Structure formats: C-alpha cells, structure tokens
Number of protein chains: 2
Amino acid sequence: MNKTTRSYNQFCALAKALDIVGERWTLLIVRELLSGPKRFKDLQGALPGIGSNLLSARLKDMESQALVVRGKLPPPAASAIYELTERGSGLGKVVGELVKWGFSLLGIPKPEECFQPRWAMQALLVTFDPEAAQGVSETYEFRIDDEIFHFTVHDGKAEGLLGPASDPDMVLVATSLEFLTLGFGENQNGYAIKKGLIKRGTPEMLTRFGRIFRHLR
Amino acid sequence: MNKTTRSYNQFCALAKALDIVGERWTLLIVRELLSGPKRFKDLQGALPGIGSNLLSARLKDMESQALVVRGKLPPPAASAIYELTERGSGLGKVVGELVKWGFSLLGIPKPEECFQPRWAMQALLVTFDPEAAQGVSETYEFRIDDEIFHFTVHDGKAEGLLGPASDPDMVLVATSLEFLTLGFGENQNGYAIKKGLIKRGTPEMLTRFGRIFRHLR
DNA sequence: CGGAATCCTCTTCGATACTG
DNA sequence: CAGTATCGAAGAGGATTCCG
C-alpha cells in the first residue's frame with residue numbers, strides 16, 4: 001500500500017528518525033504503548049480525532065518499521081493487542097525529552113482539551129529526581145477518576161506503572177481536576193487534607209513524593 | 001493568517017510539544033539553526049525539497065511560537081538571518097535523543113540521499129563519552145568537502161563548532177565519502193594514513209578522538 | 001464487537017513561477 | 001536574495017460500510 005513512504009532523503013540520523021516517527025499521531029501512539037500493550041479501541045479512545053482508518057494505517061506503518069508487534073490476548077478475551085518492540089521502547093527517551101520541553105507549554109487546561117491521568121503519570125516520571133530519592137523506599141498509589149497507577153521508589157530509582165500497587169505506603173484518590181490542582185497549585189498538603197484525598201499514608205509522604213517528582217515549574 | 005493551527009487538543013506535555021514541533025520540516029530547521037544562525041537561502045540549501053513557501057510558513061510559525069527570532073546581519077551583508085531563541089535551543093536535547101535513536105537506521109548512504117558534513121558533527125557530538133575524555137585536552141579540526149568544523153575536548157566536556165579552530169592539535173582533511181568511510185569502517189588509522197588525511201597531528205590523536213566520540217554501533 | 005476498507009471533503013505539501 | 005502566489009498531488013479527518 002505504501003508504494004513510496006515519503007522521506008526526507010538525507011543521510012542524517014535525525015532525518016531518518018523523523019522519516020519514521022515524524023508523521024502525525026505516531027509519537028502519541030508510542031506514548032500510549034509505552035504504558036503497556038493496548039487494543040485498537042483503547043488507542044482510539046485515547047487519541048480523539050484520529051479516525052479508524054488513519055490509526056489503522058499508522059499501526060501498519062509502525063509494524064512494518066518494527067516499532068510495534070501485533071499480539072493476541074490470551075482467551076477468553078482473544079482480541080488483538082499492539083505492543084512496542086525493543087526498538088519502539090527505545091523511543092521512551094525521545095518522548096521523555098519532548099515531555100520535559102513541552103511542560104512549560106501546558107498552561108491552564110482548556111475546556112476543549114482532553115486529559116488522561118496516565119499522561120500525568122508519564123510526565124511525573126520524567127521529572128524524577130534521583131538526589132531527592134536517596135534513602136527513600138516507598139510506593140505511592142493514585143486513583144484518578146477511574147484510572148489507577150502507582151510509583152515505586154527504591155534504591156535511588158523509580159518506576160511508574162498502570163494498575164494498583166500490591167502494598168502501597170500511600171494512596172491518594174482524586175478527580176482529574178483535583179489532581180491537576182494539586183499538581184500545579186501551592187500548598188499541596190493543605191489542599192489534599194482539606195479535600196480528604198489521602199486515603200492511606202501521611203501528608204509527609206505526599207510532601208516527599210512532591211520533592212522526588214517535582215514537576216518542572 | 002493561521003486562523004486555527006491544528007492541535008491535538010490534549011492536556012499533555014508531549015501533545016503540546018508536538019503541536020509546535022511535530023510538523024514536517026520543523027525539527028530539521030531546528031537542527032540547522034542549532035549550529036548557528038542561518039539565512040533563508042542557507043536553510044533552503046540544507047533542506048532539499050522544502051519549497052520556499054513552506055520554509056517561509058514554517059519560519060513564521062516558529063517565530064510566532066518564539067522558537068526563532070529574525071535578525072539582521074551587520075552591514076555590509078545586511079541580509080536577514082534566523083536564530084534560535086532560548087526556547088528553541090532547548091530542543092537540542094530532543095534532537096539529540098532522536099539522533100541517538102535514529103543512528104541505527106542510517107545504513108549505507110544511498111545515491112539519492114544528500115549529506116552535509118555538519119550533520120555528522122552534530123551526530124558525533126551526541127555520542128560524546130565523558131569517561132573516555134577524562135584527562136584529554138585537545139582540539140580536533142575537520143575539513144570535509146568545503147565545510148570546516150572542530151571539536152574541543154577539555155575537562156571532561158566537549159564542544160563542537162562550525163568553522164576552523166584557532167590552534168587545533170589535529171587537522172583532518174577529507175571528502176564526504178572518505179569521512180563516512182572513516183566513520184563507519186574498521187581500522188580507521190590505516191585508512192586515514194593510506195589516504196593521507198591527517199594533515200596535522202598524529203594517528204594516535206585520531207584513535208583518541210574515535211574513543212571519545214564513538215558512534216553507537 | 002474490533003478492526004479494516006471505502007468515500008468524500010478539506011487541509012497541507014511540494015514544485016514552479018513570479019515579484020520586491 | 002528573500003520571500004509571495006499559484007496549483008496539482010498527497011495526506012488528514014470524519015462518516016459509513018463491510019467483514020470476521
């Protein structure tokens with residue numbers, strides 16, 4: 001179908017990379033898959049406006065470029081899933097730098113802008129500060145709207161995963177709006193306490209979390 | 001003129017970043033400007049296929065997004081130049097990660113692919129290995145085709161700049177083809193000596209350079 | 001139901017020609 | 001040299017239909 005995929009035709013690593021991931025939607029698809037395999041429908045839901053034909057075409061391109069493999073979920077839910085290959089996962093750092101750069105462009109959420117809690121998870125993860133994590137060994141779980149994810153900090157390293165933690169030290173439950181207010185506002189603890197968001201653990205843990213994953217202004 | 005620049009409409013740092021730099025050509029323009037201010041003509045020459053209208057539109061967009069400022073060269077060459085702002089330069093890391101990721105896609109130069117020596121300079125710079133640079137304090141100048149650039153290694157840090165060095169320890173003169181052969185081949189010194197490429201300095205310096213800027217793979 | 005193919009309209013791209 | 005104007009070609013986006 002792609003007789004000639006459009007190319008910059010330059011012997012340059014940047015141009016080659018952009019030949020593959022520079023098209024519209026591609027890196028957003030990678031963003032979604034970075035937090036685990038997804039079904040077609042999941043991707044479509046997270047990418048409003050993409051249209052099934054275009055998503056289908058992109059996934060095919062990405063498969064032919066070995067960024068993605070098509071798998072099958074084990075029965076009974078035997079539906080197709082898309083998963084990043086090693087090469088695809090290698091884009092994590094690229095996405096991370098773009099997120100850092102784009103952070104200051106976020107501004108105030110506008111009404112027409114959609115939001116998925118897991119995007120915040122990924123953004124927080126790139127703001128991880130190993131220095132601040134020294135000596136901390138804790139797990140923080142967040143339940144935002146109907147998404148659950150958690151961060152594990154241990155041994156100067158951090159990990160962020162979708163789904164609940166097995167035995168979290170802190171659990172925070174909030175709506176998207178509350179969560180964003182918390183993230184961008186001052187006096188996080190005051191707000192969290194007033195709203196009763198901390199369902200397990202102490203405000204000190206939230207403070208610590210805020211120091212370890214300090215969003216860049 | 002831009003009634004509504006197309007946007008992903010997501011409250012996500014990645015999507016915001018891609019709203020601005022995700023369009024075709026934009027990051028390649030950034031790549032060019034990362035090595036210093038350029039005139040319209042220079043950019044057009046380095047981006048074959050862009051078309052003057054599109055380059056013009058992109059520069060306007062980038063100016064309105066504060067990635068670029070339009071300056072004037074001092075007389076007598078009073079022509080307009082484009083220069084990255086601080087925000088624009090912040091994309092250096094993004095470009096760096098894309099270059100690292102794209103490196104393995106380079107393959108063999110194909111006849112239709114164009115090449116500019118300065119792209120190699122930027123690619124080499126991202127492969128800098130601080131460990132290997134410990135205790136080295138040298139300047140390496142390269143004259144490839146009709147472009148000249150140099151690397152300064154000092155104090156565990158490296159810098160790459162267009163133009164000649166003031167007092168280089170090593171000077172290597174080569175064609176693009178020779179340079180690429182050197183970069184991707186085995187036995188660099190053998191090749192360099194056989195072709196007489198090292199015009200100043202010793203083969204040991206070239207070996208050291210290859211260890212400090214070791215291209216990935 | 002998940003996902004791919006088909007249409008149709010609109011925007012963007014790319015190449016060339018043209019102007020200050 | 002630095003752009004603007006123009007126009008055919010390609011790609012995006014939405015709706016709908018088809019297929020397992």
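Order of the sequence lines sets the chain letters (A, B, ...), proteins ahead of strands, with each chain counted from 1. All values below come from the heavy atoms of this structure, side chains included, with hydrogens, waters and symmetry mates left out. As the structure is a prediction and not an experimental result, all values here were calculated from the model.
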Could you check which of dC13(C), dA2(D), dA12(D) has an atom nearest any side-chain atom of R6(B)? dA12(D)
Which listed nucleotide (dG3(D), dC13(C), dG3(C)) is nearest to the side chain of R70(B)? dG3(D)
Any N or O donor-acceptor pair linking the side chain of N53(B) to the base of dG3(D) at under 3.5 Å? no
Would you say a side-chain N or O of [X] is under 4.0 Å from OP1 or OP2 of [N]?
X      : N      : answer
R39(A) : dC1(C) : no
Y82(B) : dG3(D) : yes
K60(A) : dA5(C) : yes

Would you kindly compare K41(B) and S52(A) by the position of their nearest DNA chain D nucleotide and give the one closer to the 5′ end? K41(B)
Derivation and outcome, side-chain contact (heavy atoms from CB on, under 4.5 Å), residues E63(B) and R58(B): CA-CA 8 Å; E63(B) 201 180 354; R58(B) 285 287 176 277; over 6 Å; no
Nearest-Å distance, [atom1] ([X]) to [atom2] ([N])?
X      : N       : atom1 : atom2 : answer
R58(A) : dG3(C)  : CZ    : P     : 18 Å
F40(A) : dA4(C)  : CZ    : C1'   : 7 Å
D19(B) : dT12(C) : CG    : P     : 13 Å
W25(A) : dG14(D) : CH2   : P     : 8 Å
L54(B) : dT12(C) : CG    : P     : 11 Å
L47(A) : dA12(D) : CG    : P     : 14 Å
R24(B) : dA12(D) : CZ    : P     : 10 Å
Q44(A) : dG13(D) : CD    : P     : 13 Å

So what does S56(A) touch, heavy atoms closer than 4.0 Å: a base, only the sugar-phosphate, or nothing? sugar-phosphate
Under 4.0 Å, counting only non-hydrogen atoms across every strand here, what does G51(A) touch: a base, just sugar-phosphate, or nothing? nothing
When W101(B) is tested against each of K16(A), K93(A), R87(A) for side-chain contact (heavy atoms from CB on, under 4.5 Å), which residue passes? R87(A)
Which class fits the ring pair F184(B) and F103(B): parallel under 30°, tilted 30 to 60°, perpendicular over 60°? tilted
Qualifying residue for ring pair (Phe, Tyr, Trp, His ring centres under 6.0 Å) with F179(B), from W119(B), F142(B), F115(B): F142(B)
Establish, yes or no, whether a centroid distance under 6.0 Å links the rings of Y140(A) and F151(A). no
